[in-house]
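The block underneath contains the structure these notes are about, expressed in structure tokens.
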Amino acid sequence: MLSGLLLVLLALWGGLIPFIGPYFGFGFGPDETWVYSADRLVLSILPAIAVGIGGLILMTAANRPLAQFGGWLAVLGGLWFVVGTTLAALWNMGVGAPLGGEARQIAERLSFFEGLGAVMVLLAGLALGRFLVVGVREARRADEKHRPVDDRPEASAVPAQGRRRGPFHRGWQKTGGTTEKERHPTPPRRG
């Protein structure tokens with residue numbers, strides 16, 4: 001649940017920072033706020049939507065397959081943040097020139113794309129790992145569901161008559177064989 005919430009918050013950041021970053025001189029391309037372009041749609045908005053939906057699914061999913069779908073959707077969106085700018089150059093797309101000096105350009109690239117996507121992939125991967133392992137509670141629930149009716153514990157504290165007990169039970173007697181008295185007979189009394 002926490003991973004899903006963090007993914008939703010990071011998706012909001014990744015989808016909105018290209019539009020509000022120029023207010024602070026932090027961003028790429030034109031330094032105008034709320035400028036929409038196909039580049040921003042493909043490189044920021046669509047992957048942010050994928051990660052946000054994946055995070056919402058992770059937060060609200062009631063079953064394992066749906067939660068895994070949400071986790072994989074978030075992984076793919078985060079992965080696009082990481083590699084999207086590299087692949088976009090093949091289609092003559094780009095985010096524009098970074099605003100600011102050299103250190104600020106590194107911070108912009110990391111917080112807009114590569115670093116943001118890496119954190120998203122990490123959080124989605126952690127959530128997926130949680131859903132790939134069967135928990136103790138779920139294993140017990142599945143065991144109770146598939147257990148035969150006769151083996152289910154009774155509602156009363158009194159054990160059922162004729163029920164076999166384990167070999168270490170205090171009142172255990174061997175069924176179908178010799179009893180303790182037959183194995184070690186007591187010698188007759190003399191006298």
So among Leu123, Ile53, Val8, Leu7, which one has a side-chain contact (heavy atoms from CB on, under 4.5 Å) with Leu58? Leu7

For the residue pair Leu43 and Phe113, what are the closest heavy atoms and their distance? O-CE2, 3.7 Å

Residue pairs passing the salt bridge (Lys or Arg N to Asp or Glu O under 4.0 Å) test with at least one member in residues 64-87, sequence neighbours excluded, are Arg64-Glu138

Nearest heavy-atom approach of Gly15 to Ile45 is O-CG1, 4.4 Å

List the steps and the verdict of side chain to side chain contact (heavy atoms under 4.5 Å, CB included) for Thr33 and Ile20. CA-CA 6 Å; Thr33 58; Ile20 60 175; over 6 Å; no

ring-ring contact (aromatic ring centres under 6.0 Å, His included) contacts in which one or both residues fall within residues 53-76, not counting sequence neighbours: none

Return the set of residues passing side-chain contact (heavy atoms from CB on, under 4.5 Å) with Leu66 (not counting sequence neighbours), or none when no residue passes. Ile57, Ala61, Asn63

Which heavy atom of Trp80 sits nearest a heavy atom of Pro47, and at what distance? CD1-CG, 3.4 Å

Kindly work out whether a path of hydrophobic side-chain contacts (I/L/V/M/F/W/Y, heavy atoms less than 4.5 Å apart) joins Trp13 to Leu9. no

Please say yes or no: joined through hydrophobic side-chain contacts below 4.5 Å, possibly via intermediate residues, are Phe19 and Leu12 part of one cluster? no

When rounded to the nearest 0.5 angstrom, what distance separates CE in Met59 from OG in Ser3? 11.0 Å

Could you give all pairs that pass the ring-ring contact (aromatic ring centres under 6.0 Å, His included) test and reach residues 117-143, with sequence neighbours left out? none

For residues 92-117, which residue pairs pass the salt bridge (Lys or Arg N to Asp or Glu O under 4.0 Å) check, not counting sequence neighbours? Arg109-Glu114

Leu46 with Phe28, same ILVMFWY side-chain cluster at under 4.5 Å: yes

Partner set under side-chain contact (heavy atoms from CB on, under 4.5 Å) for Ala50, not counting sequence neighbours: Leu73

With side chain to side chain contact (heavy atoms under 4.5 Å, CB included) as the test, would you mind laying out the steps for Tyr36 and Leu41 before giving the verdict? CA-CA 8 Å; Tyr36 171 81; Leu41 174 71; 3.3 Å; yes

Going by the rule side chain to side chain donor-acceptor pair (under 3.5 Å), which residues pair with Trp34 if we only count those two or more places apart in sequence or in a different chain? Tyr23

Any chain of hydrophobic side-chain contacts (each under 4.5 Å) joining Leu87 to Leu79? no

Who passes side-chain contact (heavy atoms from CB on, under 4.5 Å) against Asp143, sequence neighbours left out? Arg147

With Phe26 via ring-ring contact (aromatic ring centres under 6.0 Å, His included) - residues at least two apart: Phe112

Side chain to side chain donor-acceptor pair (under 3.5 Å) pairs touching residues 37-46, sequence neighbours excluded, are none

Go through the structure and list residues passing side-chain contact (heavy atoms from CB on, under 4.5 Å) with Leu2, not counting sequence neighbours. Leu6

Minimum-distance pair of heavy atoms, taken over all atoms of Val75 and Ala124: CG2-CB, 3.4 Å

Give the minimum heavy-atom separation between Met120 and Val51, together with the two atoms involved. SD-CG2, 3.7 Å

Same cluster or not: Leu116 versus Leu76, using hydrophobic residues (I, L, V, M, F, W, Y) connected whenever any side-chain heavy atoms lie under 4.5 Å apart? no

Which ILVMFWY residues can you reach from Leu110 by hopping between side chains whose heavy atoms are under 4.5 Å apart? Ile106

